**Student:** 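What follows is a single structure, and I will ask about it in a moment.
Counting convention: from 1, in listed order, for ligands and their atoms alike. Fair warning: this is a prediction, and the values are worked out from it, not measured in the lab.
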Amino acid sequence: MSAISQRVAPFGTTIFTEINQLAQQHSALNLGQGKPDFDTPTAILDQVVQSLRAGNLNQYAPGDGTPALRQAVARHAERFYQLDIDPTHGVIVTSGATEGIFASILGLVDPGDEVIVLEPFYDSYVPDILMAHAIPVFVPLHAPDWHFDPAELRAAFGKKTRAIILNTPHNPTGRVFTREELSFIAALCHEYDVTVIADEVYEHLTFGEAYHIPIATLPGMFERTVTVSSSGKLFSATGWKIGWVSGPPALIEGVSRAHQFITFSVHHPTQEAIAYALNLPTSYYQEFQQLYTSKRALLMSALDGAGFRYTVPDGTYFIMVDYTPLFSGSALDFTRYLIQEAGVACIPPGAFYSADHAHLADGYARLAFCKSDSMLHEVGERLARLARA
Ligand code: PMP
Ligand code: GLN
């Protein structure tokens, strides 16, 4: 019988593909998928071109990543977090964070193990867990400020818990977990001997007083944490799909064994450009934060002008908007309405919840502000028009 496998049959099409198609049909301003509409910095582009033309970088890269990029990942961890990463045995370069998370689950979790996921979650986690024949266990974040209930988190830990996927700064809510929250999670991980898969792709996107704390920096946590990050957000190069996983060699070995049979290695010339980019002076990182602080303000003023409610995000480039002051109906209905009536696309967050909890997404829409200032201004005008109508 020729047919798709039972493993993938329930997955459907990702919400990003679905909304992109709908946005295109209606020529909507697309604040859905988290991808910048502006280009990668020229100096970084120049590095890729140079690498492409160097004459020795267009064949397979070393499986675990080029020495220059692994070195740059280690230096970056030392510069920003005083973490001591072994560039040779403590870093794997992957095809984006997406592959990094999948390789981490395959390399560190056994069939039948439980993996804790805070809900809402980035949409690839659960299919990854299921493809590894493991069992997702969901712990809700509670609106409006998206905190977890310590008792609910504790109740999720048990003898079968093998890992927790912890995303901070958090997509889609914009939460940046505090030291107290991370310490609570860390204590449970010690008590139940649990591995952390830390998804920190928005590590440099924090605002105001908020700052990012890698859970690997907490006492005793380095040994039980693999940290996943990516160049997509930080260098406005989501199309390059260069990510990495770093941590203690004993765990990275598992990630490497999976990675070698998923992609073996990733795009070679681009790795050299990202090595250059990660080594950019701290001023690059500060300007990046300033850029997004002002884009966040533009989207907030667009939302304020139309009367939407939201909790100000401390991190990421997303805002979870409470649309109920303007619309009653499901998140998917609101998304269709916003695309058709206002010409603005968003993501209905149902895909970030387990099937049983998808109704919790109703009332919310995720809007991305990784867009040109002119687009964000135009969004403000369109939303205001919608609110007046
Ligand atoms: N984790 C989170 C929380 C994300 O938002 C994304 C998407 N940007 C990824 C992982 C995947 O990153 P990449 O594009 O590097 O695969
Ligand atoms: N991470 C991006 C987002 O959340 C897009 C990821 C994707 O397209 N798979 O919008």
**Student:** Please could you name the atoms of ligand 2 that N171 approaches to less than 4.0 Å, counting only its heavy atoms?
**Tutor:**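 Every atom of ligand 2 under 4.0 Å from some heavy atom of N171: 4 (O).
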**Student:** Donor-acceptor pair, distance only, cut-off 3.5 Å: does the side chain of S231 make one with the backbone of I242?
**Tutor:**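 Looks like yes, one N/O pair under 3.5 Å.
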**Student:** Are any of the heavy atoms in H170 under 4.0 Å away from ligand 1?
**Tutor:**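 No.
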**Student:** Looking at ligand 2, would K35 count as a contact under a 4.0 Å heavy-atom criterion?
**Tutor:**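 The answer is no, since K35 has no heavy atom less than 4.0 Å from ligand 2.
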**Student:** Check this for me, if you would: do R175 and D314 make a salt bridge, where the nitrogen-to-carboxylate-oxygen distance has to be below 4.0 angstrom?
**Tutor:**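 Looking at R175 and D314, the cut-off is not met.
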**Student:** Any atom of ligand 2 sitting under 4.0 Å from a heavy atom of T14?
**Tutor:**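 Per 4.0 Å heavy-atom rule, T14 does not contact ligand 2.
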**Student:** Would the F138 and Y353 ring centres measure less than 6.0 Å apart?
**Tutor:**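 No, too far apart.
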**Student:** Going through the distances and angles, do T161 and L188 end up as a side-chain contact (heavy atoms from CB on, under 4.5 Å)?
**Tutor:** CA-CA 11 Å; T161 311; L188 287 170; over 6 Å; no
**Student:** Can you list the ligand 1 atoms lying under 4.0 Å from a non-hydrogen atom of A97?
**Tutor:**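 Matching atoms, with element in brackets: 10 (C), 11 (C), 12 (O), 13 (P), 15 (O), 16 (O).
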**Student:** Aromatic contact between Y276 and F235, with the criterion being ring centroids under 6.0 Å apart: yes or no?
**Tutor:**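 They do not qualify: ring centres at least 6.0 Å apart.
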**Student:** Of all the atoms in ligand 1, which lie at a distance below 4.0 Å from a heavy atom belonging to Y202?
**Tutor:**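 Listed by number with element: 3 (C), 4 (C), 5 (O), 8 (N).
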**Student:** Where the side chain of E341 meets the backbone of L386, is there a donor-acceptor pair that is under 3.5 Å apart?
**Tutor:**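 Looks like no, no N/O pair under 3.5 Å.
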**Student:** Would you check the N or O atoms of G34, main chain and side chain alike, for any that come under 3.5 Å of an N or O of ligand 2?
**Tutor:**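 In this structure, G34 places an N or O atom under 3.5 Å from an N or O of ligand 2.
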**Student:** Taking heavy atoms and a distance under 4.0 Å, where does V201 meet ligand 1: side chain, backbone, both or neither?
**Tutor:**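 Under 4.0 Å from ligand 1, V201 contributes side-chain atoms alone.
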